[in-house]
Amino acid sequence: MSISQPTQQNASSAPVIDNSDMANERTTLVIVLVLIAGVLLLIALVVALTLIPAQTLLRTIGQQVGVQQEQISGVLTNQVESLFNVTANDLLSLAQHAEIQSNAPGIYPTARILLDELGKRRAGQITALVRVDTSGAPLYAWPETLNTAITNGQPLDWRIDAGVMRPIIEQGGVQLVKRTVGANTIYLLVSPVSVKNGSTEGLVVALDLKAFIAQSVNALQLPDATQFWLVDPDTTQVIYQRNPQPAWTAADNTLLAARAMNTQAQFPSADRTTVSAPIFTAFVQASSSSSRTPALTVALSRLSSEGQGDVYNTLNSLFVGGLIVVLIIVLMGAGLGRYMILQG
C-alpha cells in the first residue's frame with residue numbers, strides 16, 4: 001500500500017491539454033492566412049484591371065491619334081487645293097463677262113463692280129483682283145484703295161510682267177505665279193482674258209493663304225500643343241505657323257521632299273510625331289506625277305503622348321482607389337481577427 005501512493009500523486013500532477021484552445025488557435029491562423037491570401041488576390045486583381053491593360057490602351061489611343069493626325073492633314077490639304085481650284089474657276093468664269101473682256105476705259109467702272117462682287121464673296125480668301133493688259137500692266141482693280149493707286153500711276157507691291165503673260169497668251173489656262181514682297185511671298189493666279197480686238201490680256205487674283213489656312217486650322221480646334229505649318233517647298237518659306245514653338249528650322253526642310261503623305265516619329269523632337277503632305281494643283285506642270293513639285297506642303301506636329309494623359313490619369317485613379325479599398329479590407333480583417341483572438 002505504501003508503494004502505490006506516490007504513483008497516484010504523480011498522475012494527479014501531470015499537465016492537462018485543453019483541445020479547445022488548440023482549435024481556437026488553428027481557427028485564428030486559418031483566418032489570418034485566408035485574410036492574407038485575400039489581400040494578395042485583391043492586389044493582383046487591382047493590378048490586372050489597371051496597370052496591365054494600361055500599355056495596350058495607351059498604344060491603341062496613340063494609333064488612333066496618329067490616324068486622326070493623317071486625316072486632319074488630308075483635310076487641310078484638300079481645303080488648300082480647293083481654294084486654288086475654286087478661285088481658278090471663279091477667274092475663268094469672270095473672264096467670260098463682256099465687261100471684263102472690254103478694254104475700253106468707259107467700261108472699267110462696270111467691270112469693277114464685278115470684281116467687287118467676287119472680292120466680297122471671297123473675303124478672307126483673296127486680297128486683290130487686278131485686270132492687266134498684254135504686257136502685264138494694271139488697268140483697274142479691287143479693292144478701291146488698289147484701284148486708286150493704279151489711277152494715280154503708283155506702282156503695286158507686285159506686278160505681272162511680259163514673261164508671265166507670254167505663256168498665258170500662248171497656252172491659255174490659269175497659271176500660278178509667285179512674287180516676293182519683302183520677306184513674304186505673294187501667290188497669284190492669272191487667267192487669260194480674250195479681248196474683243198483679238199488680243200489676250202489677263203485677270204489676276206492675289207490669294208490670302210495665311211488668313212485662309214488660319215481660319216481652317218482654328219475651325220478644327222486642335223490641342224494647344226499641336227503645331228501646324230504651311231510651307232513653300234521652293235523657297236522653304238513658312239507661310240503660316242500656328243504656334244511660336246516648335247519653330248520651323250532648316251532640319252525640317254527634309255519634310256518638303258515628300259511627294260506623298262509621310263509620317264515621321266520622333267520628329268522634329270523625340271517627344272513629337274509629324275505628318276507632312278504635299279499640295280498639288282492643276283497649275284503645276286511636270287512630265288509625271290512622281291516628278292511634280294508640290295505648290296505647298298502642310299506639316300502637322302503633335303506630342304506623341306497626345307490623348308493619353310486622360311487615360312493615364314483615369315487608370316492611375318482606379319489603381320489608387322483599388323489600393324485604398326484593399327487597405328480598408330485589411331484594416332477590417334485585422335480588427336475582426338483581433339476581436340476573435342480576444343474572444344477566444
Side-chain donor/acceptor pairs under 3.5 Å, residues 180-194, sequence neighbours excluded:
unit_1 : atom_1 : unit_2 : atom_2 : d
T185   : OG1    : Q237   : OE1    : 2.5
Y187   : OH     : D232   : OD2    : 2.5

Would you call R131 and I150 a side-chain contact if the rule is heavy atoms closer than 4.5 Å? no
Residues 208-219, side-chain donor-acceptor partners within the protein, below 3.5 Å, at least two apart:
unit_1 : atom_1 : unit_2 : atom_2 : d
D208   : OD1    : A211   : N      : 3.3
S216   : OG     : Q79    : OE1    : 3.1
S216   : OG     : F212   : O      : 3.0
N218   : ND2    : A214   : O      : 3.0

Check whether any side-chain N or O of D133 sits under 3.5 Å from a backbone N or O of L139 as a donor-acceptor pair, and report yes or no. no
Take D116 and K120 through the salt bridge (Lys or Arg N to Asp or Glu O under 4.0 Å) test and state the conclusion after the steps. CA-CA 6 Å; D116 183 71; K120 291 179 178 179; 3.3 Å; yes
A side-chain contact here means heavy atoms from C-beta on lying under 4.5 Å apart; do L115 and N147 qualify? no
Are the side chains of V86 and R122 in touch, meaning some heavy atoms are under 4.5 Å apart? yes
R259 side chain to P278 main-chain N or O, any donor-acceptor pair under 3.5 Å? no
Can you check whether Q175 reaches V164 side chain to side chain, under 4.5 Å on heavy atoms? no
For V275, run the side chain to side chain contact (heavy atoms under 4.5 Å, CB included) check against Q264, Q69, R302 and tell me which one passes. Q69
Are any of the side-chain heavy atoms of T151 and Y108 separated by less than 4.5 Å? no
When every non-hydrogen atom of S301 is compared with those of F267, the smallest separation belongs to OG-O, 4.2 Å
So ring pair (Phe, Tyr, Trp, His ring centres under 6.0 Å) across residues 213-254, not counting sequence neighbours, yields W229-W248
Any side-chain heavy atom of P268 within less than 4.5 Å of one from T249? no
Provide the closest heavy-atom pair for T273 versus S304 in the form atom of the first, atom of the second, distance. OG1-OG, 3.2 Å
The residue among V130, D90, V174, I126 that forms side chain to side chain contact (heavy atoms under 4.5 Å, CB included) with V205 is I126
T87 (side chain) donor-acceptor with L83 (main chain) under 3.5 angstrom: yes
L118 side, atom CG; L91 side, atom CG - distance, nearest 0.5 Å: 7.0 Å
Going from OG1 on T200 to CD1 on I169, what distance comes out if it is rounded to the nearest 0.5 angstrom? 6.0 Å
